[in-house]
Amino acid sequence: MELLLAVMIGTLTATGVYLLLRARTFPVVMGLTLLGYAVNLFLFVSGRLVVGEPPVIGASENPSDPLPQALVLTAIVIGFGMIAFVVVLALRARGELHSDHVDGHGEDH
Amino acid sequence: MEHLIILPVLLPLFTGVALLLLARGSRSLRRWVSVLAATVLVPITLALLLQGLEGPARVYALGGWSPPFGIVLVLDGLAGVMLALTAVLALPALLYACRGDDARGPNFHALFQFQLMGLNGAFLTGDIFNLFVFFEVLLIASYGLLLHGGGSRRTRAGLHYVVLNLVGSSLFLLALGLLYGTAGTLNMADLALAVREASGDEAVLLRAAALVLLVVFGLKAALLPLYFWLPAAYSAASAPVAALFAVMTKVGVYAILRVYSLIFGAQAGELAHVAIPWLWPVALATLLLGGLGALTALRLSATVAWLVIMSVGTLLAGVSLATAAATAAVIYYLVHSTLAVAALFLIADLVAHGRGDKGDRLTAGSPPHHRMMVGGLYLLGAMALVGLPPLSGFVGKVALMQAAPPAAGGGAFWVLLLLGGFFALIALSRAGSTLFWRPQHQPSNEPMDPLRLGVTLILPALMVALSAWADTVLRAGERVAAQLHAPDRYIEAVLGSAEGRTK
């Protein structure tokens, strides 16, 4: 399971970074989203992977760590708000700059 | 009085919420509420500054959860200085905005208050994940403030700023995941203890986390490869927003100062001073390129924005010297450069108001209104920022140079600091002579707003005070530096007795 998660986080990060480096706003927003997913997964596994154990000390011998779950929840909420904001901003830039290039100009196909 | 510590976070929060509820009410009511809150914040933060300088660090456990399990606010000298600086800067910026800039879009005052809340929270928190949360609060408010007023220049600069900072936030979370996964704690004092004991693989992971954090804070502070967003963003922002943003890059400097003195400082065992081999050359290069960039600027506000980058380079070079004397000088220079830059952003707006559609572009045109008055203010601000005697910039630079004797490897710093000051001198005198001495037309008859001028006077007056009482401020800086270079006392204040604790 560790390998699967590591590969998943790596793939998400690589795809996110690739998309971020595109010069159009839509891929950039997609890239930010994927990078956000990768980061959330990474935060989640920072408490170590434990299967089927409650996050209560005493209820099991090897309880799962509740703190990363709380951190991930915070990160998801913040990330979601930020992505919503950047989508609106990208739409506004498309309207005002008449281009979806991140620099507001660039060749139009 | 123990609850005084949390007021700089709660007061802007509740004011901001109230302003949102008043969004449909009259504009003058919103102005009064916002200005009142910003005014009350000044004495509160000054009282906190005095408490913080007294030392030892005061700890406020939120909800009564004892550290390291709960989130704590910690007030020490550095936090006090940053809080007071922010409040003192915010009031003139807000008053200036009330003369018309706030009417160019909805919810300016609410965003301004949330920005203050994020800044104050970031300075006070003693938990590194909480630092991330407050960074996000101040960032999302700054996105709104930067775009305030609209226009394609702001949209373009805003898009870059937002995307870059979102990437920065992702990196911040990655670093926090590494820290928590390795050290098992997020409380900064507890983290410092865990880092001291780290060795082997753990030390390698922690080193990676420390350097990823340096990238994040470097982006906020506008350090060398990460500053390209700043000139466009700051020169596109409306003047009061740019003046408030003068303290935003200093949040990055604050975070670097805090994390790399408390967690990865001299006592951090294998990871002692992990950031300094990177920070020193990069800060020096930032200093030089900021000065060169100022020569290329086509607008007065862009010139000032480049000088922000130069001041960040100067400050971080001082930080990477990592001695108490250098840190004391850094504190003084930080206060000075924030006030000087904010004053020049407001003055640039005064100049632009009298020049019609030429704005603050550096081309000959009609002279600004009240040429003598605005010109005199500009001269004062420029002299302070360049570092000419007798103003505060000179005192700050001398203190920094004394802290870095050339015999101890400070030679490069001396050369670059003086060269940067020279570039700033050229850029600002060229800008000033173009704007004030080459009038091609009669000044327009549009009257000058006397209140704008009056509010702009506050910041240069503060700089003069900073020069006159330089000794007092420098001594306060020494106390702050002494606290920062003795992290054990901070840790003891947060965790109780530092002995016998294992992770």
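In what follows, every chain begins at residue 1, and chains take the letters A, B, ... in the order their sequences are listed. The figures that follow rest on heavy atoms only: side chains count, while hydrogens, waters and symmetry mates do not. Keep in mind it's a predicted model, so treat the numbers as computed, not measured.
- Both the backbone and the side chain of A:L71 come within less than 4.5 Å of a heavy atom of chain B.
- Ranked by heavy-atom pairs under 4.5 Å with chain B, the first of A:N40, A:L43, A:L89 is A:L89.
- Side-chain N/O atoms of B:Y234 and B:T249 include no donor and acceptor closer than 3.5 Å.
- Checked against B:L193 for a side chain to side chain contact (heavy atoms under 4.5 Å, CB included), the options B:I263, B:T185, B:L495 give a single hit: B:L495.
- Relative to the ring axis of B:F108, B:R104 does not place its NZ or CZ within 45° and under 6.0 Å from the centre.
- Between B:A122 and B:L131, the shortest heavy-atom distance links the atoms O-CD1, 3.4 Å.
- One finds a salt bridge joining A:D100 and A:R24 here, because a Lys/Arg side-chain nitrogen approaches an Asp/Glu carboxylate oxygen to under 4.0 Å.
- Contact of B:V163 with chain A is made through backbone and side chain together, with heavy-atom distances under 4.5 Å.
- For the set B:V133, B:L171, B:L147, the entry with the most heavy-atom pairs within less than 4.5 Å of chain A is B:L147.
- When each of A:P68, A:G31, A:G16, A:G36 is scored by its heavy-atom pairs under 4.5 Å with chain B, the top score falls to A:P68.
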